[in-house]
Amino acid sequence: MPEYVASAIEPKWQRFWEERRVFERRPGDSRPKYYLLEMLPYPSGDLHMGHMRNYTMGDAVARYMRMRGFNVFHPIGWDAFGLPAENAALQRRTHPRTWTLNNIARMKEQLQRFGYSYDWSSEVSTCEPEYYRWNQWFFLQMFKRGLAYRKKSRVNWCPECQTVLANEQVVNGCCWRHEETPVEQKALEQWFLKITSYVEELLGGLDKLTGGWPERVLTMQRNWIGKSEGTRVSWAVAGTAKTIETFTTRLDTVFGAVALLLAPDHPMVDDLLVGLPGGASIARKVEALRRQSRHAQVVGEVEKEGIFIGRFAVNPLSGEQVPIWVSNFVLMEYGTGAVQAVPAHDQRDFEFAQKYRLPIRVVIQPREGKPLLPSTMREAFTGHGRMVDSGPYNGMGSEKALEKMTDDLVAPGKAERLVLYRIKDWGISRQRYWGTPIPVVYCDACGVVAVPEEQLPVRLPLEVEITGTGLSPLLNVPEFLNTSCPTCGKAARRETDTMDTFVDSSWYFYRYLSPREEKGPFDAATVEHFFPIDRYVGGAEHAVLHLIYCRFWTKMMRDLGVVSHNEPVTRLFNQGMVIKDGAKMSKSRGNVVSTDEMIEEYGADTARLFTLFAAPPEKDMEWTDAGVEGCYRFLQRLYRLVAKHAPRLREVPLTAAAAVPAKPGTAQKLNAQERQVLRKAHQTVRRVTTDFETRWHFNTSIAGIMELINELYALEPLEEAVSPAVLKEALAMAVLLVSPYAPHIAEELWEKLGQAQSITETSWPSYDPELAREEEYEIVIQVNGRVRGRIRVSGDLDEKELLQQALADAAVARLMSGQRVAKTVVVPKKLINIVLAR
RNA sequence: GCGGAAGUGGCGGAAUUGGCAGACGCACGGGACUUAGGAUCCCGUGGCCGAAAGGCCGUGUGGGUUCGACUCCCACCUUCCGCACCA
């Protein structure tokens, strides 16, 4: 008996696919296109199970779509710039480039050992000048249009990485790479991309992605953009000519304001203290609040604190004077850095008022329930209702009052309608070596000068010493640093900051279509043909960063005129994580299963099959050695079954399988067992096809194929039970169905069955609905909704006959003795429920 | 607190439209083959009562709708993920 030896089969077929270049895109292919993309890996050194799961899902779909006749484009590349390469270089005394290229070589080999059907001729690596020169080109286009600009700003600084972090890279006030390291603030000249110019479009576009993108991702993007519509209001400072601007979304509550609160960093605080008695001691307290608030962003929520600074502001609608406080919970970064304090109708203000015994003034009464009393309130009422104690607005609905009050303040110029967003422009400057140089020169005479396009790429020099300090190593490379001004020709200095690596990953999937293109970032015609991406598969951790940046990039490119679509990705699939012993696989937890060991012990097909079988793809999956073993056993069973019968079947032509339609009337000539085998086989084709087309639940597809194989084993010896033609058809179907998941064993068995073509050139099997139809059904008999018996009937029984047969059942008859049938409910082919009169 | 997802045997999971709860796999028990079995093949396997026939209970909890609810409605509990003083 031949045994299944994965290590003998897999290299053979990998070589076969590679030599024939079967997965490479060919120009002029007229079949309908399908662009299937998985998120490109960072070349960290080893392919881990998370990658493996991602790519196995993608590959199953790629192979399926290819068999369905699509011109599938399925590329892969490397997100090759980034900080870990510098850290590794420091530790191992090597060059970031060497480390990166070695990792790429190693991971590429690992990917190939899994038999993924990538078009390797489209491979892209973002650290190569031929790629990053176009990052620079895009930067210049944006610079020309004012979409890339420089400003001094307080930036997030990770003392561990010694670099600036984007807002998106700050997690709980700490660095996203160093979860224990609080982020500090530092003022630096930085380059920004004006993502806020596209904010409304980025937000509005989310509605159009509904259905194609997971709701979760859309919600996270909406929250991240954080649009809020409100009013900017001017409050006069009593006894001065100064005014303070507040921002509120609830102007309707303004008569309930009992104070005006300033952020500790508000620029007017110091001015207001000048000349006040006791100003010096107040200033000391404010200084303490400032230090605390800078730290508070790091730590999270802290106790609300504040101090009355001895001045009063005039409520622009009521004319009332309220005290001005400085408080630690007002953020300078959002809105105007000043807010009205309305304890009755804002929970934060409520807590603040409790602490400092400020009055609580109710100005909106709920439409239902008991009226609010300041003395008994436990929390703020933030809903809408009826206006009270609000002068001329009393009795109005608060929604209406909000509009009226806004109009009344806007007219005399005391207020302005304002839309605010949480999202900020994208800071892309990094004080790091291993990244794309920003193509800008600083000239004493001409200022900031863009490097002319024809001088691109500005190459990253390779002769550097990585120091690991906060300053870019490029400062120590005179050949790079010192240049001449493109405008006046005098001595000038190059920008030494490099770009955030999220720039690299914002458009890499365009470059795949023409990776060697030299006249532009990509070949426009090819891009037009293949875009948008039909399916993008990757982890949920990129829901806001990468997936907002790349949407921005596409819209920006559309405005440059290099693409014509608005969104890069029509459908997004988020796969779950790989879990072991209850936690995400990670080196620090020591629960990593190596992909190399999996291949050595079981082979790629087993590993691929298990990752798909253990859980539905969108959920986290638990990795268990026992589960892997089970999938290995299944492949062995499949192999033994086909290998045993194949020698007799080599010359038998395939009839119904592989899209050759069955001849009408074939079914009648089959015996009962043949009908049973073909029925199960065709049902399984239907089931697996449906899963691919609708919900990607590969776990149930694989279970279905297992059932088919189990049923065939149950009929052994098959050579006595069914004709060679039927057996060949059933085995061929099983092999074709398993091929997207376990492609190597499938090719091997396909060959053993005498099929000359590779599966990659074979069509997906179609099923014959007539053959898949059940001839007999087991009907469940319920009495009063409880299962009391079951009978076998052929499909075309009407309700009357069915009831008759049901009543003939001994158990049912006993239960019904002496009782009257009130009604019967029949579900065709499934059950009959007899309801007795009470 | 807000937003999202989820809760089913010893375990991973299945049940596609309100219609047999537990497919498939693991683990476990029994048997066959065997010098041997940690290989392979076959049978069994939600809980309780029962010798059996059979009965009762059972999808996080409590209600409801229905002939019939894992599935729909209401209230609640728990877990995971994301955001979190955004005015």
Side-chain angles (χ1 to χ4, degrees), chain A residues 1 3 171-173 214-220 222-224 226-228 230-231 246-250 253 261 293 296-297 300-304 327-331 333-342 345-349 351-352 379 382 420-422 540-541 543-544 576-577 579 610 613-616 618-631 633-634 636-637 640 687 690-691 694-695 697 699-707 710 713-714 716 778-787 789-790 811 822-836:
Chain A
M1 178 67 69
E3 278 297 311
V171 179
N172 290 329
E215 201 51 46
R216 202 175 92 90
V217 174
L218 299 178
T219 305
M220 282 171 74
R222 279 189 196 100
N223 291 344
W224 195 261
K227 179 177 183 173
S228 70
T231 317
T246 61
F247 176 78
T248 179
T249 54
R250 292 299 302 271
T253 66
L261 308 179
S293 94
Q297 293 179 324
E301 196 159 341
V302 290
E303 167 102 21
K304 291 179 177 53
S327 175
N328 62 349
F329 77 94
V330 181
L331 307 173
E333 304 76 51
Y334 188 77
T336 59
V339 297
Q340 57 182 27
V342 184
H345 303 293
D346 183 286
Q347 186 57 28
R348 295 155 299 181
D349 298 343
E351 288 162 23
F352 189 70
E379 57 180 14
T382 57
L420 287 186
Y421 302 91
R422 210 183 77 114
E541 66 273 18
V544 280
M577 292 186 303
I579 304 290
F610 176 66
F613 180 66
E618 70 279 7
K619 286 183 64 178
D620 290 349
M621 70 159 285
E622 172 85 23
W623 190 274
T624 61
D625 298 339
V628 176
E629 194 72 44
C631 286
R633 279 206 282 264
F634 166 68
Q636 285 175 313
R637 270 165 74 79
R640 275 196 298 269
R687 181 172 173 180
T690 306
D691 269 337
T694 58
R695 51 179 202 169
H697 277 202
N699 53 330
T700 58
S701 297
I702 293 165
I705 303 169
M706 287 173 170
E707 282 182 46
N710 288 349
Y713 265 93
E716 283 277 40
E778 192 177 66
I779 303 287
V780 170
I781 309 169
Q782 295 185 338
V783 178
N784 288 338
R786 302 190 67 104
V787 180
R790 38 195 86 210
K823 73 164 174 176
T824 56
V825 180
V826 174
V827 182
K829 297 172 184 177
K830 285 210 167 126
L831 95 172
I832 175 166
N833 187 9
I834 303 165
V835 185
L836 300 177

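Please read all numbers here as calculations on a predicted model, not as lab measurements. Letters A, B, ... mirror the listed sequences (proteins, then strands); counts begin at 1.
Residue-level contact check: P616(A) touches the backbone only, with heavy atoms under 4.0 Å from sugar-phosphate atoms and none from bases. Residue G627(A) is out of contact with every strand shown, counting any heavy-atom pair closer than 4.0 Å. Residue V780(A) is classed as a base contact, given a heavy-atom separation below 4.0 Å to a base. Contact annotation for E707(A): backbone-only contact, meaning every heavy-atom pair under 4.0 Å involves sugar-phosphate atoms and none involves a base.
Pairing of U17(B), defined by two Watson-Crick or G-U wobble distances under 3.5 Å, is not identified with any nucleotide. In this entry G7(B) has C77(B) as its Watson-Crick or G-U wobble partner, both defining distances falling under 3.5 Å. A 3.5 Å limit on both hydrogen-bonding distances identifies G47(B) as the Watson-Crick or G-U partner of C56(B). The partner of C2(B) is G82(B), by the rule that a Watson-Crick or G-U pair needs both atom distances under 3.5 Å. U40(B) is paired with A32(B) under the Watson-Crick or G-U wobble criterion, all donor-acceptor distances under 3.5 Å. With both pairing distances under 3.5 Å, C72(B) is matched to G64(B) as a Watson-Crick or G-U wobble pair.
Atom CZ of R633(A) and atom C1' of A27(B) are 10 Å apart (whole Å). Regarding K227(A), its NZ atom lies at a distance of 20 Å from the P atom of G3(B), rounded to whole Å. What separates CG of N833(A) from P of A69(B) is a distance of 10 Å, to the nearest Å. Nucleotide C26(B) holds its P atom 14 Å from the CD1 atom of I702(A), rounded to whole Å. If you measure from atom NZ of K823(A) to atom P of U66(B), you get 10 Å, rounded to the nearest angstrom. Atoms NE2 (H697(A)) and C1' (G13(B)) sit 11 Å apart, rounded to a whole Å. Across the protein-nucleic acid pair, M621(A) atom CE and A5(B) atom P stand 23 Å apart, rounded to whole Å. The distance from atom CD of Q782(A) to atom C1' of G18(B) is 12 Å, rounded to the nearest whole Å.
Of the listed nucleotides (C42(B), C83(B), A15(B)), A15(B) has the atom at the smallest distance from the side chain of T700(A). Of the candidates C83(B), C26(B), C24(B), the closest approach to any side-chain atom of F613(A) belongs to C24(B). The nucleotide whose nearest atom lies closest to any side-chain atom of R216(A) is, among A87(B), C85(B), G4(B), G4(B). Here G19(B) is the nucleotide among G19(B), A14(B), G25(B) with the atom lying nearest to any side-chain atom of L831(A). Distance from the side chain of R640(A) is smallest for U40(B) among the nucleotides G19(B), U40(B), U16(B). If you check A87(B), A84(B), G25(B) against the side chain of R422(A), the one that comes closest is A84(B). The nucleotide whose nearest atom lies closest to any side-chain atom of Y713(A) is, among C41(B), A87(B), U16(B), C41(B). Minimum atom distance to the side chain of N710(A) is reached by C24(B), of the listed C67(B), C24(B), U40(B). The listed nucleotides are G82(B), C85(B), G3(B); the one nearest the side chain of T219(A) is G3(B).
Using a 4.0 Å cut-off, no side-chain N or O of T690(A) falls inside it from OP1 or OP2 of U16(B). Contact annotation: R687(A) does not reach the phosphate of A23(B) (side-chain N/O to OP1 or OP2, under 4.0 Å). For G12(B), neither phosphate oxygen OP1 nor OP2 lies less than 4.0 angstrom from any side-chain nitrogen or oxygen of N699(A). The phosphate of C83(B) has neither OP1 nor OP2 within less than 4.0 Å of any side-chain N or O from R222(A).
Rounded to whole Å, the separation between the P atoms of C77(B) and A27(B) comes to 40 Å. Spacing of P atoms, G9(B) relative to A14(B), comes out at 14 Å, to the nearest Å. Nucleotides A6(B) and G13(B) have their C1' atoms positioned 14 Å apart, rounded to a whole Å. Remark: the separation of the C1' atoms in C28(B) and G12(B) is 16 Å, to the nearest Å. Spacing between G63(B) and G58(B) at atom P, rounded to whole Å, works out to 11 Å. Taking the C1' atom of each, C49(B) and C67(B) are spaced 29 Å apart, rounded to whole Å. Comparing G44(B) with A36(B), their C1' atoms are spaced 25 Å from each other, to the whole Å. C70(B) and G22(B): their P atoms are spaced 12 Å apart (whole Å).
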Set out, in order, the CA-CA distance, both residues' side-chain angles and the distance that settles salt bridge (charged side-chain N to carboxylate O under 4.0 Å, His left out) for R687(A) and E707(A), then state yes or no. CA-CA 12 Å; R687(A) 181 172 173 180; E707(A) 282 182 46; 3.3 Å; yes
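Checked by atom type and distance alone, the side chain of D620(A) pairs as donor or acceptor with a backbone atom of M577(A) at under 3.5 Å. With hydrogens and angles disregarded, no donor-acceptor distance shorter than 3.5 Å links the side chain of D691(A) to the backbone of I702(A).
Taking each heavy atom of I781(A) and I834(A) in turn, the nearest pair found is CG2-CD1, 4.2 Å. Taking every heavy atom of both residues into account, R695(A) and T700(A) meet most closely at NH2-OG1, 3.4 Å. When every heavy atom of F247(A) is checked against every heavy atom of V339(A), the shortest pair comes out as O-CG1, 4.3 Å.
With no hydrogens or angles considered, a side-chain donor-acceptor pair links Q340(A) and T253(A) at under 3.5 Å. Inspection of the N710(A) and R637(A) side chains reveals an N or O donor paired with an N or O acceptor under 3.5 Å.
In terms of position along RNA chain B, the nucleotide closest to M577(A) lies nearer the 5' end than the nucleotide closest to the other residue of the pair M577(A) and T248(A). Both A615(A) and G335(A) lie near RNA chain B, and the one whose nearest nucleotide falls closer to the 5' end is A615(A).
Both tests do not hold together for K304(A) against F352(A): distance to the six-membered ring centre under 6.0 Å, angle to the ring axis within 45°.
Syn is the classification of G9(B), since its glycosidic angle stays within 90° of 0.
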